[in-house]
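Okay, here's the structure, questions in a sec.
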Amino acid sequence: MIQRSGNEDLREVENKAEELVALTFEVCEKRLASALKAPTMPQIALSAAAMSVQQSVETFLAVTHIPDQPGAEK
């Protein structure tokens, strides 16, 4: 197994997270674009879920940048 630094791991997580958010919005946009009329309740819920995923990922990434102990730097 290849050893990597924490920063490399974090960059990989950030890249995968960005990919997840992009794919989530792509699915949402395709579903909404295929609608012939006003969005249905499931389509509205899908949009809200996509936004929730984005906020959750952003929160996770923000927390990973908080030092474990006061005064500690990563």
Side-chain angles (χ1 to χ4, degrees):
M1 179 177 234
I2 298 173
Q3 296 265 337
R4 296 186 302 196
S5 72
N7 287 340
E8 289 173 342
D9 287 339
L10 186 55
R11 273 195 297 274
E12 184 176 346
V13 168
E14 288 174 341
N15 290 337
K16 294 291 185 183
E18 288 175 13
E19 184 179 346
L20 171 64
V21 170
L23 290 170
T24 303
F25 280 117
E26 184 178 335
V27 167
C28 183
E29 289 170 359
K30 284 181 180 178
R31 296 268 177 101
L32 290 172
S34 68
L36 299 175
K37 53 186 176 188
T40 64
M41 289 304 288
Q43 290 169 327
I44 293 169
L46 183 62
S47 296
M51 296 298 292
S52 178
V53 167
Q54 181 184 33
Q55 291 300 312
S56 295
V57 166
E58 289 174 3
T59 301
F60 174 83
L61 293 174
V63 169
T64 61
H65 293 290
I66 296 174
D68 289 332
Q69 297 184 17
E73 292 185 20
K74 283 193 171 186

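Note that the numbering runs from 1 along the sequence shown for the chain. Remember, predicted model here, so these are calculated numbers, not experimental data.
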Problem - Positive for side chain to side chain contact (heavy atoms under 4.5 Å, CB included) with Thr64, one of Val13, Asp9, Leu10 - result: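 Of all the options given, the one that passes is Leu10.
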
Exercise for the section: Calculate, to the nearest 0.5 Å, the distance between atoms CZ and CG belonging to Arg11 and Asn7 respectively. Expected result: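 Interatomic distance, Arg11 CZ to Asn7 CG, rounded to 0.5 Å: 6.0 Å.
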
Exercise for the section: Kindly give the cluster partners of Met41, where membership spreads through any ILVMFWY side chain lying under 4.5 Å from a current member. Expected result: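 Same cluster as Met41: Ile44.
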
Below 3.5 Å, can you tabulate the donor-acceptor pairs from side chains in residues 20-29 to any protein atom, sequence neighbours excluded?
{"from": "Thr24", "atom 1": "OG1", "to": "Leu20", "atom 2": "O", "distance (Å)": "2.7"}
{"from": "Glu26", "atom 1": "OE2", "to": "Lys30", "atom 2": "NZ", "distance (Å)": "3.2"}

Return all side-chain donor-acceptor pairs below 3.5 angstrom for residues 51-59, not counting sequence neighbours, or 'none' if the list is empty.
{"from": "Ser56", "atom 1": "OG", "to": "Ser52", "atom 2": "O", "distance (Å)": "2.9"}
{"from": "Thr59", "atom 1": "OG1", "to": "Gln55", "atom 2": "O", "distance (Å)": "2.8"}

Problem - Pairs involving residues 32-48, ordered by first then second residue, that meet side-chain hydrogen bond (donor to acceptor under 3.5 Å, both in side chains) (sequence neighbours left out) - result: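 Residue pairs with at least one partner in residues 32-48: Thr40-Gln43.
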
Problem - Those residues that, when tested against Glu18, pass salt bridge (Lys or Arg N to Asp or Glu O under 4.0 Å) (two or more places apart) - result: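 So Glu18 forms no salt bridge (Lys or Arg N to Asp or Glu O under 4.0 Å) with any residue.
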
